[in-house]
There are 2 protein chains.
Amino acid sequence: MKAGAENAASKTYSITQLSEEFSVTPRAIRFYEDRGLLHPRREGQTRIYSQRDWVRLLLILRGKRVGFSLAELREILDLYDVGDQQTEQIRRTLVMARNKMVSLERQRQDIDQTMSELTVACTYFEKLLEERGIDPRAPVAASKRKKVSAA
Amino acid sequence: MKAGAENAASKTYSITQLSEEFSVTPRAIRFYEDRGLLHPRREGQTRIYSQRDWVRLLLILRGKRVGFSLAELREILDLYDVGDQQTEQIRRTLVMARNKMVSLERQRQDIDQTMSELTVACTYFEKLLEERGIDPRAPVAASKRKKVSAA
DNA sequence: GGTGACGTTGACGTTAACGTCAACTGGTTA
DNA sequence: TAACCAGTTGACGTTAACGTCAACGTCACC
């Protein structure tokens, strides 16, 4: 119970491990910390990320994909952190969360609309290509090609 | 068939009409034109927007909401414009559109996830507020208020 | 003929979210 | 001991999508 293994089975990560797992640059991860979204512990100088940090990063990235700003994400994550927030702050965040849900609802409608329009568009584009005698499923032509043995 | 009314029943819009209808600034609309997304006709110096422009703006704004960049939107709208595009350009756009559909599919999953998490979060926040004896449904306290005649 | 309302063209400013160095600090391996 | 990582801290650069002026044009009217 001394060397090596920490007391709990708490897996930790280095910054590059995280960056590879989530396909983001270390720079971005440090940036999120700078903006108060992550608080990894330090071992000497280097950052050590816990499971909790892992989850936070997951939430951050997903949040970004659905249009949250880093500031908004921070507000939300902050509230999950400690409970001794100021009442007004909690209310502010609650309002923000509700608003966000409304806009997400709309976003989903937008996505559905756009998807169906893109489907139509793709069909149209494919028709355009077929009219020119080109297989729309063919891989993108890489600059110059050598008449790929036309069966 | 001469004065005033144009031959067709084609409604037109001024830039401020459009901007009000869609809740964007004239500056933004001009910017979209600068980026090649809109091509209003000119009457002297001022811009005149047609029905077609109206639709385009609708598509632009929705596209933006689901994460398209202006450059991507331009690519797509361009293809709907004229048919004499270069084959390679059509294929590029087709590929882009297909990729976009994949990412939209994922975005919708993200939205669903986030929605359910936000629901949980809101419940949590509300509990926090109730613990402090505060009505979570109450309107946001606007600095100072005058006891708005409850009844 | 002045005074708005509405429109236009530059040109520069701004914000978010990183990218891109450069210079430095340990730890380990050859 | 030198070279080589992985990591760190500034500090400045970059891109997208506008915002914010300033200076000007042009009608309509009063």
Side-chain angles (χ1 to χ4, degrees), chain A residues 3-4 12-50 53-54 56-78 96 100 103 107 110, chain B residues 3-4 12-50 53 56-77 96 100 103 107 110:
Chain A
T12 63
Y13 310 81
S14 79
I15 195 168
T16 36
Q17 276 171 22
L18 272 192
S19 81
E20 283 166 8
E21 188 163 350
F22 287 102
S23 303
V24 293
T25 66
R27 174 69 178 95
I29 298 183
R30 289 191 203 102
F31 184 71
Y32 299 153
E33 179 179 350
D34 186 65
R35 292 317 179 85
L37 297 173
L38 292 173
H39 318 284
R41 94 170 191 270
R42 294 295 184 109
E43 197 141 290
Q45 169 155 263
T46 78
R47 295 164 167 86
I48 310 279
Y49 296 88
S50 65
D53 294 320
W54 189 95
R56 286 194 143 225
L57 186 50
L58 180 76
L59 291 177
I60 291 168
L61 296 178
R62 191 165 60 209
K64 271 173 53 73
R65 285 198 301 271
V66 303
F68 279 95
S69 75
L70 295 188
E72 289 173 320
L73 287 170
R74 180 189 172 165
E75 264 198 81
I76 296 181
L77 292 178
D78 271 5
M96 192 198 77
K100 211 60 189 172
S103 92
Q107 229 182 300
D110 285 338
Chain B
T12 63
Y13 310 81
S14 78
I15 196 168
T16 36
Q17 275 172 23
L18 270 192
S19 79
E20 282 167 10
E21 188 162 351
F22 287 103
S23 302
V24 293
T25 67
R27 175 68 178 94
I29 298 183
R30 289 193 202 102
F31 184 72
Y32 299 153
E33 179 179 350
D34 186 66
R35 292 317 180 84
L37 297 174
L38 292 173
H39 319 285
R41 95 170 188 270
R42 295 295 184 109
E43 197 140 292
Q45 168 154 262
T46 77
R47 296 162 167 88
I48 311 278
Y49 297 88
S50 65
D53 294 321
R56 286 195 144 224
L57 186 49
L58 179 76
L59 291 177
I60 292 168
L61 296 177
R62 191 165 61 211
K64 272 175 53 72
R65 285 198 302 269
V66 304
F68 279 95
S69 75
L70 295 187
E72 289 173 320
L73 287 170
R74 180 192 171 161
E75 263 197 83
I76 297 182
L77 292 178
M96 191 198 78
K100 211 59 189 171
S103 92
Q107 231 182 299
D110 285 337

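Everything quoted here is computed from the prediction, not taken from an experiment. Reminder, nothing fancy here: chain letters follow the sequence lines and each chain counts from 1.
- Rounded to whole Å, atom C1' of D:dC18 lies 13 Å from atom CD1 of B:I15.
- Taking every side-chain heavy atom of B:L70 into account, D:dA17 is the closest of D:dA17, D:dT8, C:dT9.
- Spacing between atom CG of A:D34 and atom P of C:dC18 amounts to 12 Å, rounded to whole angstrom units.
- Contact annotation: A:R74 does not reach the phosphate of C:dA17 (side-chain N/O to OP1 or OP2, under 4.0 Å).
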Can I get a per-line list of side-chain donor-acceptor pairs under 3.5 Å for residues 22-31 of chain A, giving both atom names and the distance, sequence neighbours left out?
{"unit_1": "A:T25", "atom_1": "OG1", "unit_2": "A:A28", "atom_2": "N", "d": "3.1"}

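- Across A:K64 and A:L70, no two heavy atoms sit closer than the pair CD-CD2, 3.9 Å.
- B:K64 has a side-chain polar atom (N or O) that falls below the 4.0 Å cut-off from OP1 or OP2 of D:dC18.
- By the side-chain contact (heavy atoms from CB on, under 4.5 Å) test, A:S103 pairs with A:K100, sequence neighbours left out.
- Not counting sequence neighbours, B:Q17 has no partner by the side chain to side chain donor-acceptor pair (under 3.5 Å) test.
- Rounded to whole angstrom, the span from the CZ atom of B:R65 across to the P atom of D:dA17 amounts to 15 Å.
- Across all their heavy atoms, A:L37 and A:L77 have their closest contact at O-CD1, 4.2 Å.
- The distance between atom CZ of A:R42 and atom C1' of C:dG26, rounded to the nearest whole Å, is 14 Å.
- Between the A:D78 side chain and the A:E75 main chain, no donor and acceptor come within less than 3.5 Å of each other.
- A close approach under 4.0 Å does not occur between any side-chain nitrogen or oxygen of A:R47 and OP1 or OP2 of D:dG7.
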Enumerate the protein-to-nucleotides 3-6 of chain C contacts in which both atoms are nitrogen or oxygen and the separation is below 3.5 Å.
none

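- Regarding A:L38, its CG atom lies at a distance of 16 Å from the C1' atom of D:dT8, rounded to whole Å.
- Residues A:R41 and A:E43 are paired through a salt bridge, judged by an N-O separation under 4.0 Å between the basic side chain and the carboxylate.
- By the side-chain contact (heavy atoms from CB on, under 4.5 Å) test, A:R65 pairs with A:L61, A:R62, B:R106, B:D110, sequence neighbours left out.
- For the pair B:E33 and B:R42, the salt-bridge criterion is met [side-chain N within less than 4.0 Å of a carboxylate O].
- Contacts between residues 24-33 of chain A and DNA chain C, defined by a heavy-atom separation below 4.0 Å, involve A:T25, A:R27, A:A28, A:F31, A:Y32, listed by number.
- For the pair B:E72 CD and D:dT15 C1', the computed distance is 14 Å after rounding to whole Å.
- Residue A:Q45 contributes atom CD, which lies 9 Å from atom C1' of C:dC24 at whole-angstrom precision.
- One atom, CZ of B:R41, and another, P of C:dG7, lie 15 Å apart when rounded to the nearest Å.
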